[in-house]
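Scroll down for the structure; my scribbles are underneath it.
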Amino acid sequence: MKALVKTAAAAGFTLQDVPVPTIRDNEVLIKVRNAGVCGTDVHIHDWDAWASGRCRPPFTVGHEFAGEVTQVGSLVADVKIGDRVTAEGHIVCGRCHLCRTGNSHVCPNTQIIGVDRDGGFAEFIAMPATNVWHLDDDVSFEVGGIHDPMGNAFHTALEGTQMPGATVLITGCGPIGIFAVGICKAAGASRIIASDVNPKRLELARLMGAHDAVQPADAVAAVKKATDGLGVDIVLEMSGVPAAVHQAFDLVRAGGRVQMLGIPAKPMEINLATEIIFKGVTVYGVVGRRMYDTWIQITQFLRSGQFDPRPVITHRFPLEGHAEAIAAIKSGEAGKVVFEIG
Ligand code: NAD
Ligand code: ZN
């Protein structure tokens, strides 16, 4: 089969012929139809410090995908050949303290597909049946293939927040930030202010329902105006850029919540006393998606018709166009970039 492979500890990907994966008794084989390309794939492509510290080539890349089940292992009961599915890409142990207390999204034994084992930028992928998520008949494989980053956005927007009626600032309108705009809207936020330095992405944020989509320098005025100077109830920090992190704590109201998804490239300084403690702010660190509360939310919001992620997808490529796909992400001109595989 065709697969996009990280062949060696150096920059680049290679599209090559590899054997179709063999499945274990508890796994299913999925024929991949669509897949999403993510910033993590760019890190692996460029072989930066994080990637070289974490990944062990050779392996097939890609962790966002959807497709059709073509084979099931002997112990699999609730997934059938022909099922239309996507999957949670974090494979957890199910046995540790965290897994057993409903916190498997932070299981210390997590293995990520396309990072720690073979991923979904291929014609087929083997997945444990426990990680499989069924798609409704009217959900396309294309939308199925972006459940993972949509899930990041749902997790950030809805975990521990009181979204109905809330005022929200979203710092960073990458694909996940733009999904979050639509989710906050569907969940009843009364005012959504989105910030980014990139005009193309601000346009997408407006398209998804942001009331204000502004440059970071203009976020202060937008928040003050929308909240009578108080600050927003909730900030979703979705950039990982230090200036935006400080702005998040500056513009959240006292007693508000800051949900942190963006990953700063290196350690950064925060004034705990003034930015968090004296403001009585609650901070939530987001890791992946909650298993499987977040997945249930994705499906139910899609069913409601109130949230439609499709406008976020701006670029589509075959696997052969992998270099163009990576370039589109790096250009900053793209919303969500996807592969059309089978
Ligand atoms: P992304 O990294 O492209 O989005 C970041 C956006 O922030 C860009 O559009 C950029 O222009 C914008 N930005 C830059 N400076 C800014 C500023 N000062 N104020 C506001 N916005 C600014 O794409 P993404 O895929 O949506 O990822 C968002 C972040 O989430 C990244 O940091 C990524 O590493 C992280 N992430 C975290 C998890 C997790 O589980 N915690 C999962 C996936 C991604
Ligand atoms: Zn575990």
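First listed ligand is number 1; within each ligand, the first listed atom is number 1.
What sits closest to atom 28 (C) of ligand 1 on the protein, heavy atoms only, is M238 O, 3.2 Å. Atom 4 (O) of ligand 1 has its closest protein heavy atom at G174 CA, 3.4 Å. At the top of the distance list for atom 3 (O) of ligand 1, counting protein heavy atoms only, stands R201 NH1, 3.0 Å. Of the protein's non-hydrogen atoms, L261 O, 3.7 Å is the one closest to atom 35 (C) of ligand 1. The single protein non-hydrogen atom nearest to atom 23 (O) of ligand 1 is P175 CD, 3.6 Å, given as residue, atom name and distance. Closest to atom 32 (O) of ligand 1 among all protein heavy atoms lies I263 N, 3.1 Å. The protein heavy atom nearest to atom 44 (C) of ligand 1 is I176 CD1, 3.6 Å.
By the criterion of a heavy-atom distance under 4.0 Å, the side chain of V241, and not its backbone, is placed next to ligand 1. At a 4.0 Å heavy-atom cut-off, ligand 1 touches P216 through the side chain alone.
Between V197 and ligand 1, no N or O atom pair is found at a separation short of 3.5 Å. Looking at ligand 1, you'll find an N or O of D196 within less than 3.5 Å of one of its N or O atoms. The N/O atoms of G240, backbone and side chain alike, include none that comes under 3.5 Å of an N/O atom in ligand 1. For the pair V286 and ligand 1, the shortest N or O to N or O distance falls below 3.5 Å. For Q247, no nitrogen or oxygen atom sits less than 3.5 Å from a nitrogen or oxygen atom of ligand 1, counting backbone and side chain alike.
At a cut-off of 2.8 Å, measuring from the Zn ion (ligand 2), the protein N, O or S atoms that fall short of it are C93 SG, C96 SG, C99 SG, C107 SG, waters left aside.
For G288, the heavy-atom gap to ligand 1 drops under 4.0 angstrom.
Atoms of ligand 1 lying under 4.0 Å from any heavy atom of N152, numbered from 1 in the order shown and given with element: 42 (C), 43 (C). Atoms of ligand 1 found under 4.0 Å from any heavy atom of V287 (numbered from 1 in listed order, with element): 40 (O).
Between E64 and K336 a salt bridge is recorded (basic side-chain N to carboxylate O distance below 4.0 Å). Electrostatic pairing of E142 and R84 does not count as a salt bridge here, judged by no charged N lying under 4.0 Å from a carboxylate O. Note on D17 versus K2: no salt bridge recorded, every NZ/NE/NH1/NH2 to OD/OE distance being 4.0 Å or above.
A donor-acceptor pair under 3.5 Å is formed between the side chain of D116 and the backbone N or O of I112. Under the 3.5 Å distance criterion, the side-chain polar atoms of K279 are matched with a main-chain donor or acceptor of D250. Remark: side-chain polar atoms of E123 are not paired, donor with acceptor, to backbone N or O of A3 under 3.5 angstrom.
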>> Does R253 form a side chain to side chain contact (heavy atoms under 4.5 Å, CB included) with T227? I'd like the steps, not just the answer.
In response: CA-CA 9 Å; R253 69 163 164 78; T227 63; over 6 Å; no
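Taking the six-membered ring wherever Trp is involved, the centroid distance between the rings of H155 and H105 falls below 6.0 Å.
Under the 6.0 Å distance and 45° angle rule, R316 does not count as a cation-pi partner of F339. Figure legend: K31 and F124 shown as a cation-pi pair, the cationic atom lying under 6.0 angstrom from the six-membered ring centre and within 45 degrees of its axis.
Two residues are said to be in side-chain contact when any heavy atoms from C-beta on lie closer than 4.5 Å; V69 and V72 meet this criterion. Between F249 and V283, the closest side-chain pair of non-hydrogen atoms falls below 4.5 Å. N152 is not listed as a side-chain neighbour of F179, based on a closest heavy-atom distance of 4.5 Å or more.
Checked by atom type, the side-chain pair W295/E88 shows a donor-acceptor distance below 3.5 Å.
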For residues 235-245, which side-chain N or O atoms pair as donor and acceptor with protein atoms under 3.5 Å away, sequence neighbours left out?
unit_1, atom_1, unit_2, atom_2, d
E237, OE1, S239, N, 3.3
E237, OE1, G240, N, 2.9
E237, OE2, T171, OG1, 2.9
E237, OE2, S239, N, 3.1
E237, OE2, S239, OG, 2.7
S239, OG, V241, N, 3.0

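Closest heavy-atom approach to atom 22 (C) of ligand 1 within the set G285, A265, G177, S239: this belongs to S239.
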